[in-house]
Structure formats: structure tokens, C-alpha cells
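One structure is given below, encoded as C-alpha cells.
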Amino acid sequence: MRQDYEMVIGLEVHAQLTTNSKLFSGSSAEFGAEPNTQTCPVDLGMPGVLPVLNTRAVDMGIKFGLAIDANINRVNRFDRKNYFYPDLPKGYQISQMDYPIVEGGYVDIELEDGSEKRINVTRMHLEEDAGKSIHDLGEDRHSHVDLNRAGVPLMEIVSEPELRTAEEAGEYLKKLRSILRFLEVCDGNMEQGSMRCDANVSVRKKGEDKLNTRVEIKNLNSIRNVMRAIEHEAERQIAIYEYGGEIDQETRLWDATKNETRTMRSKEDAHDYRYFPCPDLLPVRIPEDRIEELKKEMPELPDQKKERFMKEYGLSKYDASVLSMQRASANFYESLVNGNRDAKICANWMMGDFFAALNKAGKDISESPISPEQLGELMDLISEGTISGKIAKTVFEEMFETSRSAKAIVEEKGLVQINDTGAIEAIIEDLMQQSPENVQAFREGKTKVMGWFVGQTMKATQGKANPAMVNQILQQKLQG
Ligand code: ADP
Ligand code: MG
């Protein structure tokens with residue numbers, strides 16, 4: 001991107017809550033059921049029905065507000081957002097307009113260059129999801145509607161336009177997802193649509209502080225796509241400004257295969273929706289003691305975990321933040337250290353060989369073929385001197401493939417490290433006898449041949465000789 005421009009980005013995130021039932025009815029909110037099997041007259045908008053608010057969803061909203069240090073509005077209210085669409089049988093969506101449950105708060109992000117940034121959250125409101133129109137079944141030429149999703153509870157989390165790069169947007173989403181998962185209020189799965197993001201993007205010349213016209217991009221089903229779409233959209237807008245054009249305020253769709261955004265519709269304004277307070281629902285009043293109870297239920301959050309990892313285990317900020325971002329990896333790490341193993345070496349093994357192997361296998365840590373106890377056993381074999389660090393890497397590969405224990409693999413393959421001084425000395429003496437010219441060279445100051453001796457000794461022992469001992473004995477003997 002051109003250096004004289006900067007991006008201005010604000011994200012709207014829809015997070016589907018993990019309640020059992022819907023926001024205003026008792027229908028199941030579970031994902032993946034046969035179409036239209038999880039609906040009731042309330043979801044279908046039948047005449048005469050009345051919505052009843054799911055208090056679990058309200059609790060989840062409060063917890064999120066507490067997690068981002070926001071104001072919880074003790075009185076908040078539901079409004080009707082009116083529009084017509086086949087997947088919205090009532091003709092309106094119940095949302096919160098003027099009095100959302102949560103206002104303010106922030107999410108702190110860490111950037112690759114080590115810097116940190118605070119992103120302020122404007123608001124979070126609760127609303128119901130719409131159903132789903134399906135146009136591409138192929139067999140007949142009809143469109144279909146699945147109303148299982150109609151009425152499923154969502155949180156809409158709106159950020160201030162404070163993000164300045166695609167990287168910042170990506171880190172904000174990662175941190176937000178991590179908070180939602182730690183709170184167990186949303187599974188954060190963007191591919192399945194339980195966390196969705198719309199990106200608002202504008203560009204301006206650096207140094208300006210007015211906000212230019214923004215474009216909203218929809219259809220972003222992964223963090224990577226959010227980042228790519230933002231970059232492409234910013235380039236498109238810069239090109240238009242450079243040709244003296246204007247940006248239309250509109251909603252665009254991201255096409256991940258063509259790598260471009262394209263017009264979906266011109267942006268509607270709030271007044272197009274004719275918002276008004278939903279007459280079927282009383283304002284929500286949150287008692288003070290409910291908030292106090294929920295405070296007690298709050299889990300340790302990613303940032304708190306990161307701080308604790310730095311203090312308790314002496315990890316660097318970077319290592320601590322990588323290991324604490326996902327609860328599964330934080331738990332794995334703590335079981336691996338198990339109160340006694342070297343915390344830094346554990347972090348290195350997890351973030352090195354272990355994460356690389358998971359990555360290569362396309363597995364999440366929750367699907368890891370080896371447990372922290374198994375990896376711990378391998379690390380103990382290294383620290384006791386039973387195997388060398390190098391051998392450990394091959395043992396690890398086999399463990400990862402077969403889920404077998406480190407000890408079993410080491411025993412079966414006879415990989416136990418040779419720590420017997422006499423045995424190593426014998427091999428080295430043999431070598432020196434076979435190649436007196438190299439001994440001579442060393443003694444004449446060509447210390448490079450040391451490498452050759454180390455290599456030969458390791459070869460003679462199939463890599464099993466204790467490397468520290470080999471070095472020490474060689475130094476001694478070669479120097480005569
Ligand atoms: P709407 O419902 O019209 O999309 P919201 O208030 O829900 O409006 O969301 C607006 C989003 O757009 C917020 O995330 C905000 O930070 C962002 N935003 C507002 N103005 C700009 C701008 N000029 N450039 C980029 N983002 C903006
Ligand atoms: Mg919006």
C-alpha cells in the first residue's frame with residue numbers, strides 16, 4: 001500500500017451464543033440439524049405469540065462486558081428492526097438499538113513488532129439471528145428457507161474505527177475469539193459461521209483526522225479472508241481517490257476466489273429500518289447481585305493467563321502470549337511443566353517441534369496424538385541424559401505418528417545415550433590411530449578437524465554418544 005495513505009477499519013463481529021435454546025423461545029439452538037426441525041410458533045412469527053427472554057443469553061452478555069471492562073447497562077431494551085426478507089418471517093428482527101446491554105470496554109492486542117495497542121469497543125448488543133435462504137440446491141429451481149437459525153442468540157460487538165492495518169484487524173479478531181472461547185459463550189468457529197465479521201474500511205491521507213466514506217465488506221469467513229479483503233478494498237479506494245473519484249457508501253461482498261470485493265447493495269441508513277421499542281418485551285433490568293454472582297464465575301482470561309505465565313514461569317511476553325491464547329494450549333503447557341520441569345524448555349518444545357508437527361498434520365491441539373504426560377516423559381529422558389536432544393527429535397516424530405511412549409521407542413530401537421566414558425574413549429582412541437594425519441593437523445593448529453572427529457565418533461555410535469562427553473574427551477586426547 002502507498003506510504004502516504006492509511007487505513008481506517010472498524011469491525012462488527014456477530015458471535016453466536018452457546019445457549020441450549022433460542023433468544024426468545026424454547027427451540028433448540030444447536031447447529032447442524034435437519035432443516036426446519038428446530039422451530040416453534042415464536043420463531044415462525046405466528047400471530048399472537050409472545051417472546052420470552054432467555055436469561056442465560058443475558059448472563060453471557062454480562063460476562064462479556066465484564067471481560068472487556070465495559071459498562072453493563074443496568075437497564076437495557078429490545079427494539080424491532082424492520083425489514084422484509086424470506087428468512088425473517090416476522091418482518092422484523094429483535095435487536096437492541098438505543099440501549100444496548102454493553103457499552104465501552106476494550107481489547108488489547110499485540111503486534112508482530114512487539115508493540116501493543118488498545119482497541120476500544122463501542123458497544124455490544126444482543127439480537128436474534130435470521131433464518132437461512134438456500135438458492136443453490138440444483139435439483140429444482142426453487143429457493144428454500146431453513147428457519148432453524150431464526151431466533152438463535154447473537155452478540156454484535158462493534159469496535160471503534162481505531163484499527164489501522166490488516167494485521168491489527170487480524171490480531172483484534174484473534175484476541176476477541178480467544179476471550180469468547182475462554183468465557184465459553186461462543187465457540188468462535190468462523191468457518192461454520194458461529195463467529196462472523198463485517199469489516200468497515202475507509203482510507204485517508206496520513207496526518208488527516210477526518211473520517212472518509214466507509215465501505216462495509218461482508219461474507220468474510222476466516223481471519224485470513226478478513227485481512228485479505230481489507231487490503232484489497234483499501235487499494236481499490238486509494239486508486240479511486242487518486243483518479244479524483246469519490247467512494248460510495250455501500251456494502252460489498254468479498255470474493256475469495258477472485259480476490260476482489262464487489263458491490264452487493266448501497267448501504268442502508270438506520271432510519272430505513274424504522275426502529276422502535278419492541279412492545280412485546282419489557283426493558284431488561286439487571287440486578288446488582290446478579291452481576292456480583294457472575295463476577296465470581298469469571299474464568300481466568302487470556303491476558304491474565306499471559307501475565308501469570310510471565311510471572312510464574314519466567315516466560316517472555318511473546319512465548320506467554322502464544323501459549324495462553326488458546327485454553328487447550330495453556331492447559332497442555334501447564335500439565336507439561338507439571339510443577340517441576342524446566343518451564344523454558346517446555347515452552348521451546350511446545351512452540352517448536354510440537355506446534356510444527358500439529359501444523360503439518362493439520363491438527364488442532366485438542367486432537368493431539370500425544371498427551372502432555374507423554375511429551376513430559378520424553379523431556380525427562382533428555383534431562384536425565386538417557387537420550388540426546390538430537391535423538392529426542394526422531395523419537396518425538398515417531399511418538400507423534402504412533403502415539404507410543406517415548407520409553408518404549410527408545411528401548412525398542414536401542415537409542416539410549418552412551419554416557420560411558422570408557423566406551424567413548426575407546427572409540428576416539430581407535431579413530432586417532434586410524435588417522436594420525438588428522439591428529440597431526442589438529443596439533444598444528446587446524447582446529448577445524450575437530451568437527452571431523454566429532455562427526456566420526458557420532459557415526460560410530462549411531463548418534464548415541466553423549467555429545468558433551470564426546471567434545472570434552474576429544475579436546476583432552478587431541479591436545480595430547
Ligand atoms: P452500521 O449498522 O451502519 O454498520 P455500526 O455502528 O453497527 O453501523 O457499525 C459501524 C462500524 O463502522 C463500526 O465498527 C465503526 O467503527 C466503523 N466505522 C465508522 N465510520 C468509519 C469510517 N469512516 N471508516 C472505517 N470504519 C468506520
Ligand atoms: Mg451494523
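Start at 1 and go down the list; that is how both ligands and their atoms are numbered. Here the structure is a predicted model, which is why all the values come from computation and not from measurement. Below, all heavy atoms of this structure are taken into account, side chains as well, without hydrogens, waters or symmetry copies. Numbering starts at 1 and runs along the sequence shown.
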Intermediate values then yes/no, side-chain hydrogen bond (donor to acceptor under 3.5 Å, both in side chains), S95 and E127 | CA-CA 4 Å; S95 181; E127 63 184 26; 2.9 Å; yes
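No salt bridge links D187 with R181; every basic N to acidic carboxylate O contact stays at or beyond 4.0 Å. With respect to the salt-bridge test (charged N to carboxylate O, under 4.0 angstrom), the residues R236 and E233 qualify. Taking 4.0 Å as the cut-off between side-chain N and carboxylate O, K393 and E398 do not count as a salt-bridged pair.
Taking the ring centre of F276 as origin, the terminal cationic atom of R80 falls outside the region bounded by 6.0 Å and 45° from the ring axis. A cation-pi contact links R118 to Y106, judged by a cut-off of 6.0 Å to the six-membered ring centre and 45° from its axis.
Ligand 1 places these atoms under 4.0 Å from at least one heavy atom of S202: 22 (C), 23 (N), 24 (N), 25 (C). For ligand 1 and V8, the ligand atoms under 4.0 Å from any heavy atom of the residue are 24 (N), 25 (C). The E216 neighbourhood of ligand 1 comprises atoms 4 (O), with distances under 4.0 Å to a heavy atom of that residue. Ligand 1 places these atoms under 4.0 Å from at least one heavy atom of G10: 14 (O), 16 (O), 17 (C), 26 (N). The contact set between ligand 1 and E160, taken as ligand atoms under 4.0 Å from a residue heavy atom, comprises 16 (O). Listed by atom number, the atoms of ligand 1 under 4.0 Å from V158 heavy atoms are 9 (O), 13 (C), 14 (O). Of all the atoms in ligand 1, the ones that sit under 4.0 Å from a non-hydrogen atom of S159 are 13 (C), 14 (O), 15 (C), 16 (O).
With a 4.0 Å heavy-atom cut-off, ligand 1 is reached by the backbone of N200 and by its side chain too. When heavy-atom distances to ligand 1 are checked against a 4.0 Å cut-off, T213 has no atom that comes that close, whether in backbone or side chain. Contact annotation for E162 and ligand 1: no heavy atom of the residue comes within less than 4.0 Å of the ligand. Neither the backbone nor the side chain of T122 comes within contact range of ligand 1; no heavy atom lies under 4.0 Å.
In summary, the aromatic rings of F24 and F78 are positioned with their centroids under 6.0 Å apart.
Taking all heavy atoms of H125, E156, E12, R204 into account, the minimum distance to atom 4 (O) of ligand 1 is reached by E12.
For K117, the NZ atom sits in a packed shell: over 12 heavy atoms of surrounding residues, nucleotides or ligands are nearer than 6.0 Å. Heavy atoms from other residues, nucleotides or ligands lying under 6.0 Å from OH of Y241 number more than 12.
At a 3.5 angstrom cut-off on N or O pairs, L211 does not count as close to ligand 1.
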